Structures are given as C-alpha cells and as structure tokens.
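This one's a predicted model, so the numbers in the text were calculated from it and none came from an experiment. We count residues from 1, following the sequence as given.
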Amino acid sequence: MSPNLRGALLMCGSMAGFTFNDAVIKYLGTALPLFQIVALRGVLTCFFLYLLARRLGMFHLRFPAHDRVLVLIRCLSEVAVTYFFLNALLHMPLANVTAVLQALPLTVTLGAALFFREAVGWRRMLAIGVGFCGMLLIVRPGAEGFTSHSYFALLAVALITVRDLVTRRMSAQVPSLMVSFATAVTVTLAAGFASLSEPRVPVTLPLAGLILAASGFILLGYLCSVLVMRVGEVSFVAPFRYSGLIWALVLGWIVFGDWPDPVTMLGGALVVATGLFTLFRERSAQASRKT
C-alpha cells in the first residue's frame, strides 16, 4: 500500500472515530456532566493505549528534548480543544460543529505561512478568505442562533490548528502511540480535576456501555490523527478530512433529528470547496518545485 493510500485511510479512520465519539458524547451529555464523561472515557482510553504501547515496545521517552516540548504543547492544546469543542458540541447541532471544523485545511495552510514561512500564493490566500466567509455563514455572528458556544467552536478550530502544526514539527523518533498516550493522560487528568466541581451522577450499565464505546472511538481518532500527519503527502491526504462532515450529517439526522438549514449547508459547501482548492493549489506548487 502506498504512503498516500495509507494516509487517506488513516484520515478517514480518524474522522470516523472522532465523529462517532462526538455523537456518543453529545448523547451522553443529556444524562451525565461533561467532565465526568470525559474523565471516565479517558481512563479507559489511557488503559487501552498503555497496553498497546507496551505490547508494541513503544512505551518510552527516549526522544530529543525538543520533541518533548512539542509533545507538551500538543497535550495542552488538546486539553483546551476538548473543553471548547465539547461545550460547543453539547449546545449546537452535530453537523454545524463538524462543518466549522472543515476549515482546518485552510487554517493549517494559513498557520504554516505565518509561522513556518511557507509560500502561499494569492489564489490560496483568496480561497482562505472565502472559506472563512463560509465559516461565518455557519456560525452567523449577530444572528439569533449565535451564542457563546459558536465562539467556542471557532476557538476549537484555532487550537486544533496549533495542535496539527506542532505535530508536523515532531521528529520521526517520537512514537505515535506515546504522543497519543500523553495526550489522553493529560486530557483525563484535567477532566478529573474539573469534575470535582460538578455533581456526581451514578453511571448505569447502558451509560457505561456508551462510555466504553466513546473510549474506543476516541482511541481510533487519537491514533489515526497522529499517524496521518506523518504519512503521505498532505495535499493528497487532507481532502479525506471532509469525510467527517458526511458522518456528522448522517448521525445528526438519525440520532438527533437535526438537519442543517440551507444557509448552513451553503457555508459548509464554501468551506469544503475552498479547502479542496487550497489543497489542489498546494499539490500543484509541490509538483512545480519538483520539476
């Protein structure tokens, strides 16, 4: 299997894992406090990641100090992402939140240009601007449905951008499983402390089963999200991120009875279209540099 094909499958797996996890967490949010859900899910996720890392001989910290700093930044970014994104998720339709996340290829491209001095032509900059307009159609500042949770969704996009850019700067000496394990432990500890301020709700057997399912989905998402940033060409792999929007539309309709209105669908289409154009231009630029 070629690196590009592996990267495409990993991206689809990552999006499926995160989107199914989001649907389960949103459903659980009607019965359990948020931080209790994240803490319980995290304990199971950490346990599974620990067993897998030990089994594969990847449970170690034998990598450069520079990478350790990057792992720490990634972990702290993930804690903030978890807080802002899940708060937005519990108060917004699943497809709307997921559609906002589709701006990530645009924000990562912009971040790489600003912080890594990567060349970005005027066409891609224009596409980024149009994509951000599409994102505004989704959250609609000033509209009746715009709340603080809409801001939370936008903050989550910014923080995930930081996380992805940091991951790309890690050397190949850092085991992907250790990055996932460190991230899961950090998020679980933060949620555990935060849950002390919430009322504790008894967990029934059906709720426990859903938490177990969420931990399995987030485990899949964690692993694939780390691996995908290190396999294949970004310009080829990144478009498969949009598979998450398809899952969100289907799950939102089946589980929660939500379907985006035409303005939101238009905004999502703009974000996806400009994201694909940006990735196409990046691939063309890479081909030109090789020739």
Side-chain angles (χ1 to χ4, degrees), residues 12-55 78-101 147-149 152-153 156 160 177 180-181 183-226 243-260:
C12 290
S14 173
M15 292 300 100
F18 283 130
T19 308
F20 272 82
N21 166 77
D22 295 342
V24 174
I25 295 297
K26 185 174 177 65
Y27 186 84
L28 284 170
T30 61
L32 295 173
L34 174 60
F35 293 122
Q36 184 178 351
I37 297 170
V38 177
L40 292 174
R41 180 197 67 180
V43 169
L44 293 172
T45 304
C46 292
F47 177 69
F48 291 143
L49 283 172
Y50 171 77
L51 292 180
L52 187 58
R54 289 296 297 266
R55 176 74 175 176
E78 191 69 41
V79 170
V81 167
T82 301
Y83 174 77
F84 289 116
F85 176 73
L86 292 184
N87 269 286
L89 177 68
L90 294 182
H91 297 88
M92 294 174 63
L94 177 61
N96 290 38
V97 179
T98 307
V100 173
L101 293 185
T147 66
S148 61
H149 300 103
F152 283 6
I160 296 173
L177 272 175
S180 300
F181 178 74
T183 302
V185 168
T186 307
V187 171
T188 302
L189 290 175
F193 283 116
S195 69
L196 298 177
S197 62
E198 297 175 327
R200 192 56 56 93
V201 176
V203 179
T204 62
L205 188 59
L207 293 177
L210 288 173
I211 293 173
L212 179 62
S215 68
F217 289 134
I218 199 68
L219 175 63
L220 175 66
Y222 271 146
L223 289 174
C224 292
S225 68
V226 174
S243 62
L245 184 56
I246 299 174
W247 285 116
L249 287 168
V250 173
L251 290 173
W253 179 55
I254 293 175
V255 180
F256 306 105
D258 294 328
W259 189 259

Practice task
Without swapping roles, check the side chain of Gln36 against the backbone of Glu198 for a donor-acceptor pair under 3.5 Å.
Solution key: no
Fill in the blank from the handout: Here the pair of heavy atoms bringing Val201 nearest to Pro33 is CG2-CD, 3.6 Å
Exercise for the section: Apply side-chain contact (heavy atoms from CB on, under 4.5 Å) to the pair Asp22 and Leu94, showing each step before the final yes or no. Expected result: CA-CA 8 Å; Asp22 295 342; Leu94 177 61; 3.9 Å; yes
Practice task
Report yes if the side chains of Arg41 and Ile218 come closer than 4.5 Å at any heavy-atom pair, otherwise no.
Solution key: yes
Exercise for the section: Kindly compute the distance separating CD1 (Ile211) from CG (Leu28), expressed to the nearest 0.5 Å. Expected result: 5.5 Å
Practice task
Check whether any side-chain N or O of Ser195 sits under 3.5 Å from a backbone N or O of Gly192 as a donor-acceptor pair, and report yes or no.
Solution key: yes
Exercise for the section: Nearest 0.5 Å please: distance from the OG atom of Ser243 over to the CH2 atom of Trp247. Expected result: 8.5 Å
Exercise for the section: On the 0 to 90° scale, with breaks at 30° and 60°, tag the Trp259-Trp253 ring pair as parallel, tilted or perpendicular. Expected result: perpendicular
Problem - Smallest separation among heavy atoms of Ala214 and Val24, with atom names - result: CB-CG1, 3.8 Å
Problem - Shortest non-hydrogen contact from Gly17 toward Leu220 - result: CA-CD2, 3.9 Å
Handout entry: Pairwise distance CG(Leu51) to CG(Leu177) - rounded to 0.5 angstrom
Key = 11.5 Å
Exercise for the section: State the CG-OH distance between Asn87 and Tyr83, to the nearest 0.5 angstrom. Expected result: 5.0 Å
Problem - Test item: Phe85 and Leu101 side chains (from C-beta on) under 4.5 Å apart, heavy atoms - result: yes
Fill in the blank from the handout: Distance col, row Leu251:CG vs Phe256:CZ, nearest 0.5 angstrom, shows 8.0 Å
Problem - Polar side-chain atom of Lys26 near backbone of Pro93 as donor-acceptor pair, under 3.5 Å - result: no
Practice task
Kindly give the heavy-atom pair with the smallest separation between Ala153 and Ala88, and that separation in Å.
Solution key: N-CB, 3.8 Å
Exercise for the section: Starting at CZ of Phe152, measure out to CE of Met92 and round the result to the nearest 0.5 Å. Expected result: 11.5 Å
Problem - Heavy-atom closest contact (Thr98 atom, Ala248 atom, distance) - result: OG1-CB, 3.3 Å
Problem - Qualifying residue for side-chain contact (heavy atoms from CB on, under 4.5 Å) with Leu189, from Val185, Thr186, Val187 - result: Val185
Completion exercise
Heavy-atom nearest pair, Val81 first then Ala156, reads CG2-O, 4.2 Å
